[in-house]
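All values reported here derive from a predicted model rather than from experimental measurement. When a ligand or atom number is given, it counts from 1 through the structure's own listing order.
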Amino acid sequence: PMARLLNVAKKQRLHLIEDVAQAFGARAALSNGSSKCAGTIGDLGCFSFFPTKTLGGMGDGGLVATNRRESAEKIRLLRHHGESSQYRHEAIGLNSRLDEVQAAVLSVKLRYLDQWIEGRIERAHLYQKLFEETGLIGREIIGLPLSRGGRNHIFNYYVIRVARRDALRERLSQQGIQSAIYYPVPLHLQSCFASLGYHTGDFPASELVATQAVALPIYPELLPEQQQYVVEAIRKFYRR
Ligand SMILES: Cc1ncc(COP(=O)(O)O)c(C=O)c1O
């Protein structure tokens with residue numbers, strides 16, 4: 001898809017801005033057969049250091065990557081109240097500086113990023129294997145996350161699609177298993193976009209997925225026994 005988006009952007013003379021919040025370290029295939037890291041393909045790559053992210057700080061933070069000098073200057077300006085020199089404001093900007101405490105934490109965590117990503121990928125593969133063994137895929141378990149080998153998915157979250165999602169979550173919670181929904185309300189149904197005039201039924205695929213998606217525990221320290229416990233709980237829920 002990135003190769004196709006690049007083509008469209010080029011043809012229509014659009015800027016391509018990547019949301020890399022959940023894709024730190026993932027790679028995307030390009031049309032010439034090579035691959036590039038998410039965030040380095042379009043004009044701007046926006047990363048999130050929110051604590052739940054693969055490279056999470058102790059609080060909020062983020063980063064924009066770009067090769068364009070002009071964009072870099074504009075972003076530097078905007079992140080600090082649009083200030084071009086001390087107390088001179090060229091644009092209406094934001095308070096979006098990365099504070100030093102976050103920067104210090106993140107620079108230490110950065111050293112471990114590659115091994116954490118490998119840990120996530122390994123755990124996703126184990127989930128895949130365990131779910132395949134349940135015989136529930138294609139029925140109650142409607143879909144597992146797709147990964148075509150390599151590093152095109154780094155599993156910041158492990159989101160599966162299931163039937164009777166809310167009842168399943170309730171059961172998991174009773175067994176001490178945390179789960180989450182990313183995301184319960186599709187963009188076109190958010191109040192902040194009401195002015196665009198979309199209604200329920202306008203994007204049926206997004207609406208359907210919003211009722212089926214559930215994120216299971218995934219992090220580099222998760223133990224195989226814990227993953228077995230999660231999958232077994234799900235198997236039992238559907239096999240009653
Ligand atoms: C895909 C995606 N984009 C953007 C964001 C927002 O990131 P931040 O809160 O750091 O601005 C998130 C985080 O929740 C996300 O998951």
Side-chain angles (χ1 to χ4, degrees), residues 1-2 4-6 9 14-28 36-66 71-72 74-82 92-110 113 116-117 120-121 123-124 143 145-147 151-161 165 169 178-193 196 203 205-220:
M2 282 312 286
R4 278 163 67 187
L5 286 174
L6 272 173
L14 297 169
H15 294 289
L16 187 58
I17 300 176
E18 291 174 73
D19 179 349
V20 201
Q22 296 180 16
F24 214 124
R27 299 189 75 91
K36 263 185 152 183
C37 264
T40 68
I41 301 165
D43 299 292
L44 300 173
C46 306
F47 295 78
S48 169
F49 299 139
F50 186 72
T52 60
K53 298 296 189 282
T54 304
L55 181 61
M58 288 179 72
D60 274 307
L63 174 155
V64 179
T66 181
S71 306
K74 180 91 184 269
I75 290 160
R76 275 196 199 102
L77 193 88
L78 291 176
R79 76 167 173 181
H80 183 40
H81 301 300
I92 299 175
L94 305 157
N95 174 354
S96 274
R97 297 169 299 254
L98 184 71
D99 72 71
E100 282 84 351
V101 174
Q102 299 308 329
V105 169
L106 290 163
S107 21
V108 174
K109 290 183 84 174
L110 184 59
L113 182 63
W116 285 338
I117 289 173
R120 284 176 182 276
I121 294 172
R123 276 144 193 83
L146 254 188
S147 181
R151 261 208 180 181
N152 67 351
H153 199 327
I154 55 98
F155 300 98
N156 182 193
Y157 302 128
Y158 190 85
V159 179
I160 63 173
R161 289 170 62 184
R165 193 257 323 264
R169 287 194 70 211
Q178 210 179 14
S179 65
I181 304 176
Y182 299 108
Y183 291 92
V185 184
L187 288 183
H188 66 290
L189 300 178
Q190 294 286 354
S191 333
C192 61
F193 294 127
L196 298 176
F203 293 93
S206 302
E207 289 163 27
L208 179 65
V209 171
T211 66
Q212 298 174 332
V214 58
L216 301 179
I218 191 160
Y219 47 91

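- Side chain of N156 to main chain of T52: a donor-acceptor pair is present (N/O by atom type, distance under 3.5 Å, no hydrogens or angles).
- Here the shortest heavy-atom pairing between I160 and P145 reads CG2-CD, 4.0 Å.
- Near ligand 1, D19, A21, Q22, S48, K53, G61, Y183 each place a heavy atom less than 4.0 angstrom from the ligand.
- Residues meeting the side-chain contact (heavy atoms from CB on, under 4.5 Å) test with I75, sequence neighbours left out: L44, V64.
- For residues 38-51, the salt bridge (Lys or Arg N to Asp or Glu O under 4.0 Å) pairs, not counting sequence neighbours, are D43-R68.
- Under the 3.5 Å distance criterion, the side-chain polar atoms of R165 are matched with a main-chain donor or acceptor of A210.
- Residue pairs meeting the side chain to side chain donor-acceptor pair (under 3.5 Å) criterion with at least one member in residues 100-109, sequence neighbours excluded, do not occur.
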